[in-house]
Amino acid sequence: MRWSQAFIPTLRDDPAGAEAISHKLLVRGGFMRQLMSGSYSLLPAGFKVRSKIRTIIEQEINGIGGQEFLLPVLHPAEIWHRSGRWEVVGDELFRLKDRRGVDHALGFTHEEIFTLVATELKSYKELPQLWYHFQTKLRDEPRPKSGLLRVREFVMKDSYSFDMDVEGQAVQFDNHHAAYVRIFKRMGLETVAVEASSGAMGGSDSIEFMVKSTAGEDLVARCPSCDYAANVERATSRIPKVDDGPGLDAPEKFATPDVRTIDALANFEGGAAAEHQIKTLVHIAEGEPLLILLRGDHPLQEQKLTDHLAAQTLRPAKEDEIVDLLGAHPGSLGAVGVSGVRTIADPELMGRTSMTTGANEDDYHLRGVNVSRDITVDEWVDLREVRAGEGCPNCDGTLEVFKAIEVGHIFKLGTRYSEALGANVLDENGKARPIVMGSYGIGLGRAVAAVAEVHNDDKGLVWPVSVAPWEVVITLVKLDEETVAAGEKMYEELQADGIDVLLDDRSERPGVKFNDAELIGIPFRITLGPRGLAEGIAEFQARTDGESTDLDIHEAIAHVVELVTAGRNA
RNA sequence: CGGGGCGUGGCGCAGUCCGGUAGCGCACCUGCUUUGGGAGCAGGGGGUCGCCAGUUCGAAUCUGGCCGCCCCGACCA
């Protein structure tokens, strides 16, 4: 590509609304432009990066037996009704009516449609199958943000595995796991595979591939001493037992005027430290109230509660609902003596004595509460969100917690979709059995942003060779006859060698060209100008270190080809 | 959906409090000079000031409503 003919609209200033580094640099570098909130046009350079990522994914998924499809974006509502997700997914699913008034959905993901195709599988002899496609997904996100990291329209590679049994499914799951590690490594992303919540997808095992980044929206707990890593939506930890000392024979009510918070009670004369308090929360799940009990200093991890309840709707109760239920306002709530309300407690409260909690009477608390004696707990469920510095559940290590971008997610779906949609095959005994499925996704745009988020410096992007929009830029420092001729020759030779090369033949000043080349992050630069050419020299620079070396012009090509080849395979 | 911020040439912004001919930098076009790290001079083009209504002799500026964008939270494969 000749830069003079290319559409690469670089900007000097950061776009006004951008916060995330990847967002700023992808816009400034001329890779993309925003259409509306959560919707971006990819420009040629951005499309090239995405295409290279796509090729890597295709190679690796084909490598584990994948067959590429292309399924529609527009779906009849009927199939979403059959899977049950028309109701489950909620507002995030784009819905529309056609001219006859018939409901449709815009594809949010493609379990239903692939499963429908899979109803043509009839015999165990046809399994296993691994199917995938790259297709636009549409999601009515409540809050798109951070450029390409969270959008309403994006292309995803989603694959679906079909097996006779869970053993076969596990093989496909492991194949994907390994392929994903290779895919992300090839695009320059260091990922952590973490245990995750399956959320609305349904299914059992679920693993997310996370890239550590402050721009990420997820929190990951990881142990540096062993291989434990989990999304905080699932993570557990080891914490020291609290010594309660001798308790009272019965709970004792005491006045606590204006004490409404854990902290206030901890600082109140006659109160109790947070770890000696019981935090009582009221939530409404599917319309029914729930009491949630945690140690005073422990935050509720709401996804754990959602997962345990398999709830479609879960929300904190409103103040008037709480007063109706318990007779007191938030800040004075407790579970002592409460009956008829489903009560779920975190195991860190098990066997505790001498606890302090609300008395269900405004401005009063109870001390000397013995959990097993005084509170009726229906279920003990881990609901606590882990914190950095707590013990690893699997070894003696100490957990670290960091923000991360979810770049891939793999699920074991079981037979949820095959049963709902009738995807059965006959086994060796002629008996119909639902196909055991898995689903596996990678968002392309998010992957582009994640790479940009990780590979940049104060001058701009620093693409890994494997995904760079161009691998080499030839910068002509002056457009005199000799320089142009030398540049054209080198441009053609590099192209002949299969190198993706950009020739900067614009009539701009050298500073502009250098800055643009650095901003858009081309891994290697060859600089040609009359000064060097007079001595038969081409100047070479790698974007990663910015150090320039003079090469004999006749050796430059071979040198660059070698580095590009090494970079592609890195 | 709650809280906060912001909408003024392609991009980044000032002007709004206190109403009176719409500005600056960059980018763009023409000419001359310049040419190894975002050139200089001269000339030039381009804006219904987010939209609608109102107040006023007069509105980018004041009032009301609406729309859009960003951030935090809620939410979220």
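In what follows, chains carry the letters A, B, and so on, assigned in the order in which the sequence lines appear, proteins first and then strands, with residues in each chain numbered from 1. Since this is a predicted model, take the numbers as computed values, not measurements.
- Geometric assessment of A/R95 against the ring of A/W80 yields a negative cation-pi assignment under the 6.0 Å and 45° thresholds.
- Look at the P atom in both B/rG50 and B/rC17: the space between them is 15 Å, to the nearest Å.
- Pair assignment for B/rA39 gives B/rU33, based on Watson-Crick or G-U wobble hydrogen-bonding distances that are each under 3.5 Å.
- Rounded to a whole angstrom, the distance from the P atom of B/rG15 to that of B/rC24 is 15 Å.
- Judged by distance alone, the side chain of A/T483 and the main-chain N or O of A/L479 form no donor-acceptor pair under 3.5 Å.
- No contact: A/E217 has no heavy atom under 4.0 Å from any strand.
- In this entry the distance linking CG of A/D458 with P of B/rG37 reads 18 Å, nearest Å.
- Each ring-ring contact (aromatic ring centres under 6.0 Å, His included) pair with one or both residues in residues 523-543 of chain A, not counting sequence neighbours, appears once here: A/F524-A/F540, A/F540-A/H559.
- For the pair A/K145 and B/rC72, the criterion of a side-chain N or O lying under 4.0 Å from OP1 or OP2 is met.
- Shown here, B/rC26 forms a base pair with B/rG10; the pair counts as Watson-Crick or G-U wobble because both key distances fall under 3.5 Å.
- Nearest nucleotide to the side chain of A/R509, out of B/rU34, B/rC76, B/rG37: B/rU34.
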Any N/O pairs under 3.5 Å between the protein and nucleotides 40-49 of chain B? List them or say none.
none

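- B/rG68 and B/rC62 have their P atoms separated by 23 Å, given to the nearest Å.
- A/S146 comes within contact range of the sugar-phosphate backbone alone, with a heavy-atom separation under 4.0 Å but no base atom that close.
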Polar-atom pairs under 3.5 Å, protein N or O versus N or O of nucleotides 4-15 of chain B: list them with distances, or write none.
unit_1, atom_1, unit_2, atom_2, d
B/rG12, OP1, A/A16, N, 3.0
B/rG12, O4', A/D13, OD2, 3.4

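- A side-chain donor-acceptor contact under 3.5 Å links A/R28 to the backbone of A/L11.
- The gap from the P atom of B/rG44 to that of B/rG12 amounts to 27 Å, rounded to the nearest Å.
- In this structure, A/R543 contributes its side chain and A/L461 its backbone to a donor-acceptor pair below 3.5 Å.
- Looking at which nucleotide of RNA chain B each of A/L533 and A/H23 is closest to, the 5′-most match is held by A/L533.
- Taking a pair to require two hydrogen-bonding distances under 3.5 Å in either a Watson-Crick or a G-U wobble arrangement, B/rG45 remains unpaired.
- Residue contacts shown for A/E233 are absent, as no nucleic acid heavy atom lies under 4.0 Å away.
- Summarising the base pairing, B/rC75 is matched to no nucleotide, lacking a Watson-Crick or G-U wobble pair whose two defining distances lie under 3.5 Å.
- Both tests do not hold together for A/K137 against A/F154: distance to the six-membered ring centre under 6.0 Å, angle to the ring axis within 45°.
- No engagement by A/G441 is indicated, since no non-hydrogen atom pair under 4.0 Å with the nucleic acid exists.
- Per the geometry, CD belonging to A/E92 stands 16 Å off P belonging to B/rC1, to the nearest Å.
- Proximity note for A/M36 (side chain, C-beta onward) versus B/rG38, B/rC69, B/rG36: the nearest is B/rC69.
- Applying the side chain to side chain donor-acceptor pair (under 3.5 Å) test to residues at least two apart or on different chains, the pairs with a partner in residues 469-479 of chain A are A/E471-A/R568.
- Taking the C1' atoms as reference points, B/rU8 lies 22 Å from B/rC71, given to the whole Å.
- Note on A/R150: a base of the nucleic acid sits closer than 4.0 angstrom, heavy atoms only.
- Heavy atoms of A/G90 sit nowhere under 4.0 angstrom from any nucleic acid atom.
- With A/Y491 contributing its side chain and A/M1 its backbone, the two residues share a donor-acceptor pair below 3.5 Å.
- Within 4.0 Å of A/K137, counting heavy atoms only, lies at least one base atom of the nucleic acid.
- Proximity note for A/P510 (side chain, C-beta onward) versus B/rG37, B/rG36, B/rU34: the nearest is B/rG36.
- Rounded to a whole angstrom, the distance from the P atom of B/rA22 to that of B/rG64 is 26 Å.
- Evaluation of atom-type donor-acceptor distances gives no pair under 3.5 Å for the side chain of A/E508 against the base of B/rG37.
- Which of B/rC71, B/rA74, B/rG37 sits closest to the side chain of A/P142 comes down to B/rA74.
- Exactly one residue among A/Y160, A/F162, A/Y440 makes a ring-ring contact (aromatic ring centres under 6.0 Å, His included) with A/W131. That residue is A/F162.
- Counting non-hydrogen atoms under 4.0 angstrom, A/R506 reaches nothing in the nucleic acid.
- Heavy-atom distances to RNA chain B give each of A/T527 and A/A18 a nearest nucleotide, and the one nearer the 5′ end belongs to A/T527.
- Taking atom C1' on both nucleotides, B/rG45 is separated from B/rC28 by 8 Å, rounded to a whole Å.
- Taking the P atom of each, B/rG9 and B/rU61 are spaced 15 Å apart, rounded to whole Å.
- Base pairing of B/rU61: no nucleotide in any strand meets the Watson-Crick or G-U wobble criterion (both distances under 3.5 Å).
- Under the rule for a ring-ring contact (aromatic ring centres under 6.0 Å, His included), the partners of A/H23 that lie at least two apart in sequence or sit in another chain are A/Y40.
- In this structure, the nucleotide among B/rG36, B/rA39, B/rC71 sitting nearest to the side chain of A/E539 is B/rG36.
- Evaluation of the ring-ring contact (aromatic ring centres under 6.0 Å, His included) rule for A/H104 yields no partner, not counting sequence neighbours.
- Looking at heavy-atom distances under 4.0 Å, A/R33 makes no contact with the nucleic acid at all.
- Looking at heavy atoms from C-beta onward, A/P289 lies in side-chain contact with A/I284 at the 4.5 angstrom threshold.
- Here the side chain of A/E518 is nearest to one of B/rC71, B/rG37, B/rC75, namely B/rG37.
- Salt bridge annotation for A/E68-A/K157: absent, with no cationic side-chain nitrogen under 4.0 angstrom from a carboxylate oxygen.
- Look at B/rC66: its Watson-Crick or wobble partner, with both distances under 3.5 angstrom, is B/rG50.
- A sub-4.0 Å separation between OP1 or OP2 of B/rC75 and a side-chain N or O of A/Q303 is absent.
- Residue A/R143 places no side-chain atom within donor-acceptor reach of the base of B/rC76, judged by atom type and a 3.5 Å distance cut-off alone.
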